[in-house]
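In what follows, a single structure is set out as structure tokens and then discussed.
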Amino acid sequence: MSAKEIIQKFYKSDALIDSDVMKEFLHPEVLLDWNSSKGFLQLNYDSLLNLSHDLSKAYVRSKVRISQIIAENDTISVRYSHFVKTIENPREEMLLAHFIAIWQIKDNKLFRGYQMSQIS
């Protein structure tokens, strides 16, 4: 599977709200530098799994709409919007935020990431 296909499969899966699925995609030494509207975060394997677990408590559905994806060898840039459905209102889809991420793939897993987000 190509690096681009791995990224597409990751964002189309439920990994963002299912830590068991997330485990399938993460390299054990994964590191994500995230510049969000709330500040800078650096997340490792355990903190990414915890984030996925925490999101699963609030959202019953997660959908990512990729608007742009560019691949060069093992490095992928992806621009996407993240939509969710809350537990309180599972019929209404809500835009959570817009993202741009750059991922390096190692051993067919997400290894090194750089991400920026803006709340909708």
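Along the sequence shown, residues are numbered consecutively beginning with 1. Values in this document were obtained by computation on a predicted structure and should not be read as measured data.
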Inset, instruction - Consider only side-chain heavy atoms of I, L, V, M, F, W and Y, link residues closer than 4.5 Å, and tell whether Val30 and Val21 are in one cluster. - result: yes
Legend entry - Nearest heavy atoms of Ile69 and Lys4, plus distance in Å: CG2-CE, 3.7 Å
Legend entry - Stepwise side chain to side chain contact (heavy atoms under 4.5 Å, CB included) check, Leu110 with Ile7: CA-CA 8 Å; Leu110 301 173; Ile7 292 295; 3.2 Å; yes
Legend entry - Value rounded to 0.5 Å, distance of CD in Gln104 from CD1 in Ile76: 10.5 Å
Legend entry - Heavy-atom neighbours of Arg112 CZ exceed 12 at 6.0 Å: yes
Inset, instruction - Working to the nearest 0.5 Å, report the span between CD1 of Ile119 and CG of Leu95. - result: 10.5 Å
Legend entry - hydrophobic_cluster_shared for Ile17 and Leu41, side chain cutoff 4.5 Å: yes
Legend entry - Minimal non-hydrogen separation, Pro28 against Tyr45, with atom names: O-CB, 3.7 Å
Legend entry - Criterion side chain to side chain contact (heavy atoms under 4.5 Å, CB included) on Arg61 and Asp14, from CA distance to verdict: CA-CA 8 Å; Arg61 183 79 173 104; Asp14 281 334; 3.4 Å; yes
Legend entry - Spacing of CZ belonging to Phe111 relative to CD belonging to Glu29, to within rounding of 0.5 Å: 5.5 Å
Inset, instruction - May I ask whether Trp103 and Met116 are part of the same hydrophobic cluster, defined by side-chain heavy atoms of I, L, V, M, F, W, Y residues being less than 4.5 angstrom apart, directly or through others? - result: no
Inset, instruction - State the CG-CD distance between Asn35 and Gln118, to the nearest 0.5 angstrom. - result: 12.5 Å
Legend entry - From CA spacing to verdict: side chain to side chain contact (heavy atoms under 4.5 Å, CB included), Tyr114, Ile100: CA-CA 8 Å; Tyr114 307 90; Ile100 185 159; over 6 Å; no
Inset, instruction - Step through the shown structure and confirm whether more than 12 heavy atoms of other residues, nucleotides or ligands are within 6.0 Å of CD on Gln42. - result: yes
Legend entry - Ser52 side chain vs Leu49 backbone, donor-acceptor pair below 3.5 Å: no
Legend entry - Parallel, tilted or perpendicular, as decided by the 30° and 60° cut-offs, for the rings of Phe25 and Phe10: perpendicular
Legend entry - Distance (rounded to the nearest 0.5 Å) between Ile102 CD1 and Glu72 CD: 11.0 Å
Legend entry - Test item: Asn44 side-chain N/O and Ser47 main-chain N/O as donor-acceptor pair under 3.5 Å: yes
Inset, instruction - May I ask whether Ile6 and Ile70 are part of the same hydrophobic cluster, defined by side-chain heavy atoms of I, L, V, M, F, W, Y residues being less than 4.5 angstrom apart, directly or through others? - result: no
Legend entry - Single-linkage hydrophobic cluster Tyr80~Met94, side-chain heavy atoms < 4.5 angstrom: yes
Inset, instruction - With sequence neighbours excluded, give me every side chain to side chain donor-acceptor pair (under 3.5 Å) pair touching residues 84-95. - result: Arg65-Glu93, Asn89-Glu92
Inset, instruction - First locate atom NE2 of His82, then atom CG of Leu55, and finally report the distance between them rounded to the nearest 0.5 Å. - result: 7.0 Å
Inset, instruction - Could you note down all residue pairs passing side chain to side chain donor-acceptor pair (under 3.5 Å) where residues 15-27 supplies at least one of them, sequence neighbours left out? - result: His27-Asp107
